[in-house]
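Encoded as C-alpha cells, the structure appears first; notes follow it.
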Amino acid sequence: MPIASVNPATGKTLETFEPLDAAGVEQRLARAEAAFGAHRLTSFAHRAELLRRAADLLDEDQEAVSRTMTEEMGKPLTAARAETAKCAKAMRWYAEHAEELLADEHPDQADVADSGAARAYVRYRPLGVVLAVMPWNFPLWQVVRFAAPALMAGNVGLLKHASNVPRTALALEELFRRAGFPEGCFQTLLIGSDAVEDVIRDRRVAAVTLTGSEPAGRAVAATAADEVKKAVLELGGSDPFVVLPSADLDAAVRTAVRARAQNNGQSCIAAKRFIVHTDVYERFTAAFTEAMRALTVGDPLDEATDVGPLASRQGRSDLEELVEDARAHGARVECGGRRPEGWDGGWFYEPTVLTGITPAMRVHQEETFGPVATVYRAADLDEAVALANDTPFGLSSNVWTDDPAEQERFVRDIQAGGVFFNGMTASHPALPFGGVKRSGFGRELSGHGIREFCNVTTVWLA
C-alpha cells in the first residue's frame, strides 16, 4: 500500500510514495553498517562542523520546511516555524556540548586503588546503528532530538517516521546529506509499521528509540527485549496542570490555554487535566473557558489561526468518542464539543472544556489527543496531589503556586518525569526529557539523552 501525504485541512492527498521492499531495506541497513564503521572514528570537532552546517541549512530552508510540516500534519504555520528554529538551536547545542558531555570520567584513584589498577577511567563509546520510530505531531523536533545527540556520539541513524509525514521524513534525510554527513549516516526508511519488527531484529541494529502511542511502545519494547537490545520509549501523557490559591490566575489562564491548545492539542506533554483548588475554581474555570472559546480555528497556513485540524480522520473520531462518552456519563461541556461549521473537508474540532469529570468516564484515564481540556475541583492540597497522580501516565506536570512548601510537596510526590512551576512544560536541549509509569522509560536530551546510546566502558590499567 502506498504511503500517502494527506493535507488534514482539506482531506486531499498531496503525494504518494511506494514503500521500500525488502531489497531496499537491506540496502539501507548495509549502508548504515558501513557508515558506522567510519563515523565512529571521526572527531567531535568534525561531527560538530557537520551538525552546525545542518543547522545553518535548516535556518535557510525554514519557510519551506515549515510549510511542509503544516501541509502534512496541520500544525499552524507559526508553530511550524518555531519548531524549525528550535531544531536548529538543538543541533548547535549538541555541536557545542557533546564532547564535554561524553568526556572520559576519572574516579579518584584512591577509590580504585584496591582494585589493583594503576589507573582506571570510564569512556563513552557509540553503540552503532540506532533505529528511531518517530511520530507525526512534532515531525521535525522529535527526529532532531534523537538524531543530533546520536550523530554527535558517533552513532548512525535509521528513521522510520510516521506514515502520514513522508515528505518531512525525506526532507530530513536530504538535510543531513546536504550538510555533509557521509552516505548512510542518516537514512529514512519509508516502510509500514508491520516492517519495523524485522528491522529491530536485524543484527546490524544496535538499539531503538520510539516516541509514540502506548501500544506501539509495547510492541517495540517487546521486540527489543527479545533481541536484548537497548530501547528508549517516550509514550503518551495526560499531564496535570494544578492551580493553587497563591497562583497568579491571569498568568495561569493564559498559560493553560497555550498548554492545552499547542500543536492543535496534539502533544504528549500538553497539559490535559486541569486540577484547580476550590478557592479559585470558579474564577479560573470561567476565564479558561472564555479564552478557549475565543481561539481561532481555521486554515493552519493562515497567520491568524490558533488551532488547525487534527492530523487524521481517525484521530478526530477517537477524540469525539471520548467527549461523547464523558457527556453521556454526566460531564458538562462548557464550550466546544463539536466539529466547527464551514470545514467539512478537513479534520477540525472545536477547543473544548469539560467539567464534572468522574472516574466512570473514559476521559478520566485515557489521553485526549486534541484540543479538549478536563477541569477538576480539588478541595485541598492533598486532593490535588492525588488527582494529579490518578493516571496511568507520568510524563510531566505543571503546578501553579508561589508557596515554597507546596512546591516542595509536588517535587517530592508527583509521579512524573518533570514538574514545571508557574509555567508550561517544554523540552529543552539542556534538560532531560522522559517519563515514568506508562509514559515510558529512558531519557532524551541533555547529557542523559546522549549517553542513552553509548557503551559505558570501564578502562582499567595495571
Side-chain angles (χ1 to χ4, degrees), residues 25 28-29 32 36 126-139 141-147 149-150 153 155-165 169 187-189 191-239 266-269 314-315 318 365-367 369 389 391-396 415-418 427 432-446 448-456:
V25 173
R28 284 157 179 78
L29 284 165
F36 175 64
L127 281 182
V129 180
V130 181
L131 171 67
V133 183
M134 293 288 106
W136 47 261
N137 56 337
F138 292 95
W141 172 239
Q142 299 282 9
V143 178
V144 166
R145 75 187 197 189
F146 135 74
N155 295 303
V156 301
L158 289 173
L159 170 63
K160 190 289 177 202
H161 217 325
S163 293
N164 60 329
V165 289
Q187 300 175 91
T188 285
L189 300 178
I191 56 176
S193 298
D194 57 349
V196 170
E197 180 177 345
D198 287 343
V199 177
I200 297 173
R201 292 190 184 279
D202 190 279
R203 63 165 183 81
R204 291 161 291 193
V205 172
V208 59
T209 179
L210 175 140
T211 299
S213 68
E214 185 183 341
R218 288 177 182 275
V220 164
T223 303
D226 191 49
E227 294 292 331
V228 198
K229 294 182 179 180
K230 178 68 180 287
V232 169
L233 303 180
E234 192 262 280
L235 308 179
S238 191
D239 291 4
Q266 300 166 122
S267 171
C268 296
I269 58 170
Q314 185 60 53
D318 292 344
Q365 290 292 312
E366 297 182 31
E367 180 180 19
F369 220 61
N389 289 334
T391 172
F393 301 105
L395 193 52
S396 190
Q415 297 167 4
S427 53
F433 183 87
V436 295
K437 300 198 289 188
R438 292 188 181 179
S439 289
F441 49 75
R443 290 295 180 267
E444 297 177 292
L445 301 175
S446 75
H448 297 277
I450 197 171
R451 297 185 196 110
E452 286 283 6
F453 296 116
C454 286
N455 175 358
V456 185

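What you see is a predicted model, and the numbers here were worked out from it, not measured in a lab. Nothing fancy with the numbering, it's 1 onward along the sequence. Excluded from the calculations below are hydrogen atoms, water molecules and symmetry mates; all remaining heavy atoms, backbone and side chain alike, are included.
Shown are Leu210, Val220, Val205; of these, the side-chain contact (heavy atoms from CB on, under 4.5 Å) with Leu131 is made only by Val205.
Looking at heavy atoms from C-beta onward, Phe146 lies out of side-chain contact with Val232 at the 4.5 angstrom threshold. With a 4.5 Å cut-off on side-chain heavy atoms, Pro392 and Gln365 count as touching. Side-chain atoms of Phe138 and Thr211, non-hydrogen and from C-beta on, never get closer than 4.5 Å to each other.
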- Task: Given side-chain contact (heavy atoms from CB on, under 4.5 Å), test Thr223 with Lys229 step by step and report yes or no.
- Result: CA-CA 9 Å; Thr223 303; Lys229 294 182 179 180; over 6 Å; no

- Task: Apply side-chain contact (heavy atoms from CB on, under 4.5 Å) to the pair Met134 and Leu159, showing each step before the final yes or no.
- Result: CA-CA 7 Å; Met134 293 288 106; Leu159 170 63; 3.6 Å; yes

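A donor-acceptor pair under 3.5 Å is absent between the side-chain atoms of Asn455 and the main chain of Pro126, judged by distance alone. A distance-only check finds no donor-acceptor pair linking the side chain of Glu214 to the backbone of Leu235 [under 3.5 Å]. Counting only distance, with no hydrogens or angles, the side chain of His161 and the backbone of Thr188 share no donor-acceptor pair below 3.5 Å. With hydrogens and angles disregarded, a donor-acceptor distance shorter than 3.5 Å links the side chain of Lys230 to the backbone of Glu452.
For the residue pair Gly417 and Arg443, the shortest heavy atom distance occurs at CA-NH2, 4.0 Å. The minimum heavy-atom distance between Cys454 and Ala153, with the atom names listed, is SG-CB, 4.0 Å. Considering all non-hydrogen atoms of both residues, Cys268 and Asn137 come closest at N-ND2, 4.1 Å. Among all heavy-atom pairs drawn from Pro135 and Gln142, the shortest one is CG-CG, 3.8 Å. The two residues Ser427 and Leu445 make their nearest non-hydrogen contact at CB-CD1, 3.9 Å. The two residues Thr209 and Glu444 have their closest heavy-atom pair at OG1-OE2, 4.4 Å.
Partners of Arg28 according to the salt bridge (Lys or Arg N to Asp or Glu O under 4.0 Å) rule, which considers only residues two or more places apart in sequence or in another chain, do not exist here. Scanning for ring-ring contact (aromatic ring centres under 6.0 Å, His included) contacts around Phe369 gives Trp136, with sequence neighbours left out.
With rounding to the nearest 0.5 Å, the separation of OG in Ser439 from CG in Asp239 is 7.0 Å. Taken from OG in Ser213 to CG in Leu233, the straight-line distance is 10.5 Å, to the nearest 0.5 Å. The distance from atom OG1 of Thr391 to atom CD of Glu366, rounded to the nearest 0.5 Å, is 10.5 Å. Between atom CG of residue Leu189 and atom NZ of residue Lys160 there is a gap of 9.5 Å, rounded to the nearest 0.5 Å.
Note on Glu367 versus Arg438: no salt bridge recorded, every NZ/NE/NH1/NH2 to OD/OE distance being 4.0 Å or above.
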When the side chains of residues 191-201 are checked against the rest of the protein, which donor-acceptor pairs come out under 3.5 Å, sequence neighbours left out?
from   : atom 1 : to     : atom 2 : distance (Å)
Glu197 : OE2    : Arg201 : NE     : 2.9
Glu197 : OE2    : Arg201 : NH2    : 3.1
Arg201 : NH1    : Asp226 : OD2    : 2.8
Arg201 : NH1    : Glu227 : OE2    : 2.7
Arg201 : NH2    : Asp226 : OD2    : 3.4

